[in-house]
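Notes to accompany the following structure.
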Amino acid sequence: MKENNNGVQLVEDENKLVALRREKLQIIREKRQAYPNTFNRESTAQLLIVKYSEKNRSQLEELAVETMIAGRIIRMRGPFLVITDGGVNIQLYVNKKELSEALANELKLLDLGDIVGVRGVVFKTNKEELTIRLSDFQVLSKSLHPLPDKHKGLIDTELRYRQRYLDLIVNEDSRLIFRKRSKIIRFIRNYFEDLDFMEVETPMMQVIPGGATARPFVTHHNALDQDMYLRVAPELCLKRLVVGGFEKVFELNRNFRNEGLSARHNPEFTMLEFYQAYANYHDLMDLTEDLLRKIAYALGETTRVTYQGSVYDLGKPFARISVHEAICRHCEISEADLKTITLVKAAAESLGVQFEDEWSSGKIIMEIFEQKVESKLDQPTFVTEYPIEVSPLARRNEERPEITDRFELIIGGRELANGFSELNDPEDQAERFHAQVAQKNSGDQEAMHFDADYVTALEYGLPPTAGEGIGIDRLVMLFADAPSIRDVLLFPHMRPLKNSD
RNA sequence: GGGCCGUUAGCUCAGUCGGUAGAGCAGUUGGCUUUUAACCAAUUGGUCGUGCGUUCGAAUCGCACACGGCCCA
């Protein structure tokens, strides 16, 4: 143990690399405020490059621009230091003989990873690299830990997720993914605002969770002594707003589902949901195609997207086929084999799809679809005509009462979006809720609750409306060519590390 | 939940048949001061994920557990 200048006991670092850096920090502390609050930058690496990279050596020599910038030291190369400033690198040239003795000594306190403020004149080296000739510098924030490998960066996926800041310091690819994510989200907001949609925020903590068949997280409100649920979807709130007269609304925010973790699932994830009165599900398929096409173009000035080696041209019309057609196309099954529940069960058995005897025809059909077909739908495809039993909030088809006016968008075997013409018949909705409650009572933890107020809202009158949800994380995965949802979440959920104490 | 793979220095990775633990980078010391994964010389650094077992002897073989990855449900 040793004491710092506040008299606080410090555990001696078991790691010598850290201990050495702490000693350097201590030397700085003895001289001055080690973590100064103010450093008045006169420029940034980005600005200097924009302003001076086109100038030649003699022009720069004439200008003799003196500047002050700051950044993190990421390379030391003989007399050169490279600092990174907002993701842009710029080189410093250090000649001890040009510095005062005090400053020259302070050079010894510098380590890779330190954040420094520097002053110097802008020039170009023999190799034509824009550089700052160091005349003064100050450590603004001492880095106590060594940085990961300077060539290969941080590779260990576990560390990249647990210590995202480190990943972001050293892995440019990772920084680019999150910039892209931000750009996509901004694009989507602008897109919907341009179409006169209004962005709204509805509760994330709900007394009755609804809007999706999924298991919710439960929490407790102490003052009200009441269990509450983190929302699994904002759907029922958003449709209440359409009842209220906000005819075009969207919400782009977090949902929570109490399910397993995987490369495609995180307990909290970001969803876009939007509702448009006087539209139907065909209108939303058109809108979705247009949106994806424009995002692709905004990101890369092309409608072609490469994901994990496969190329998707979002500029081409997306295929639109029914659940039944999709099954017939990818399994040894004909439309006639799906006519009755007996035939459907026989089909499932012949395909080796497990089901329980009390399941409805629609539920077994969807099980066949999810297990045998979904992953084979590679090119962008809208799958339509979902069975009514698995679509408790979707409008019943006017000709065929056993299916709904619903679609899902599949790209690369992954579900990206789910939309439908909304069920606005309050009596039909009440029946569907009752069916869900019956399922819940027989043990299905994902089945929906009965939301009486929502039925009341429908009784006041929901105009004909269509609505859709788009999984933003999966969308970003597609555009960023990321194999795991964790690659597009800044802080993905991880199991806690066991502490030995 | 099941199967397979991984876990070795701060980082990236080797480690053969079970026989006292290796490299590159980073670090330290010195040199070099217009370099570009800078270079040259010397040098420090290990709970081999954790625990138990087999063995004269375990990073290596076995079992259990933890964390991660991939696949399946």
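Letters go in sequence order (proteins before strands), and every chain restarts at 1. The figures that follow rest on heavy atoms only: side chains count, while hydrogens, waters and symmetry mates do not. No experiment lies behind these values; they were computed from the predicted model shown.
- Distance from the side chain of A:K127 is smallest for B:U36 among the nucleotides B:G68, B:A37, B:U36.
- Near RNA chain B, defined here as any heavy-atom distance below 4.0 Å, the residues from residues 77-91 of chain A are A:R77, A:G78, A:P79, A:F80, A:Q91, listed numerically.
- Distance from the side chain of A:I155 is smallest to B:U12 among B:U12, B:U28, B:G68.
- A donor and an acceptor atom sit less than 3.5 Å apart, one in the side chain of A:D149 and one in the base of B:G24.
- Taking the C1' atom of each, B:C5 and B:A9 are spaced 24 Å apart, rounded to whole Å.
- Counting heavy atoms from C-beta on, the side chains of A:Y307 and A:M477 come closer than 4.5 Å.
- Among B:U33, B:U35, B:C25, the nucleotide with an atom closest to any side-chain atom of A:K96 is B:U33.
- Residue A:K345 qualifies as enclosed at atom NZ: its count of foreign heavy atoms under 6.0 Å is above 12.
- An OP1 or OP2 oxygen of B:G10 is reached within less than 4.0 angstrom by a side-chain nitrogen or oxygen of A:N15.
- Taking 4.0 angstrom as the limit, A:K150 places a side-chain polar atom (N or O) nearer than this to OP1 or OP2 of B:A26.
- A perpendicular orientation is assigned to the rings of A:F369 and A:Y386, their planes being inclined by more than 60° (bins at 30° and 60°).
- Sorted by residue number, the list of members of residues 51-69 of chain A with any non-hydrogen atom under 4.0 Å from RNA chain B is empty.
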For RNA chain B, just give me the dot-bracket, please: Watson-Crick or G-U, both distances below 3.5 Å, ( ) intra-strand, [ ] crossing earlier pairs, | paired with another strand, . unpaired.
-> (((((((..((((.....[..)))).(((((.......))))).....(((((..]....)))))))))))).
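- At most 12 non-hydrogen atoms from other residues, nucleotides or ligands lie less than 6.0 angstrom from CD of A:E62.
- The phosphate of B:U28 has OP1 or OP2 within less than 4.0 Å of a side-chain N or O from A:K24.
- Between A:F450 and A:H434, the angle of the ring planes lies from 30° to 60°, which puts this pair in the tilted group.
- Of all heavy-atom pairs spanning A:L393 and A:G211, the tightest one is CD1-CA, 3.7 Å.
- When the P atom of B:C39 is taken as reference, atom CZ of A:R75 falls 13 Å away, rounded to whole Å.
- Checked against B:C67, B:U35, B:U28, the side chain of A:L20 finds its nearest nucleotide in B:U28.
- Distance noted for atom C1' between B:C40 and B:U35: 15 Å (whole Å).
- Between B:G68, B:U12, B:C11, one nucleotide has an atom nearer to the side chain of A:P148 than all others, and that is B:C11.
- Between A:R486 and B:G68, a side-chain N or O to OP1/OP2 separation shorter than 4.0 Å is absent.
- Here A:R162 lies in heavy-atom contact (under 4.0 Å) with sugar-phosphate atoms only.
- Here the nucleotide nearest the side chain of A:T157, chosen from B:A26, B:U34, B:G68, is B:G68.
- Counting any heavy atom pair closer than 4.0 Å across all strands shown, A:G260 reaches no nucleic acid atom.
- Closest to the side chain of A:L17, out of B:U34, B:A26, B:U33, is B:A26.
- Remark: A:R133 qualifies as a cation-pi partner of A:F123 under the 6.0 Å distance and 45° angle criteria applied to the six-membered ring.
- Here B:G10 is the nucleotide among B:G10, B:U35, B:G68 with the atom lying nearest to any side-chain atom of A:P146.
- Under 3.5 Å, the side chains of A:T213 and A:E446 contain no donor-acceptor pair of N or O atoms.
- Counting non-hydrogen atoms under 4.0 angstrom, A:L147 reaches nothing in the nucleic acid.
- Of the candidate nucleotides B:U35, B:G27, B:G45, B:U35 has the atom lying nearest to any side-chain atom of A:N126.
- Across all strands, A:Y161 comes closer than 4.0 Å only to sugar-phosphate atoms, never to a base (heavy-atom distances).
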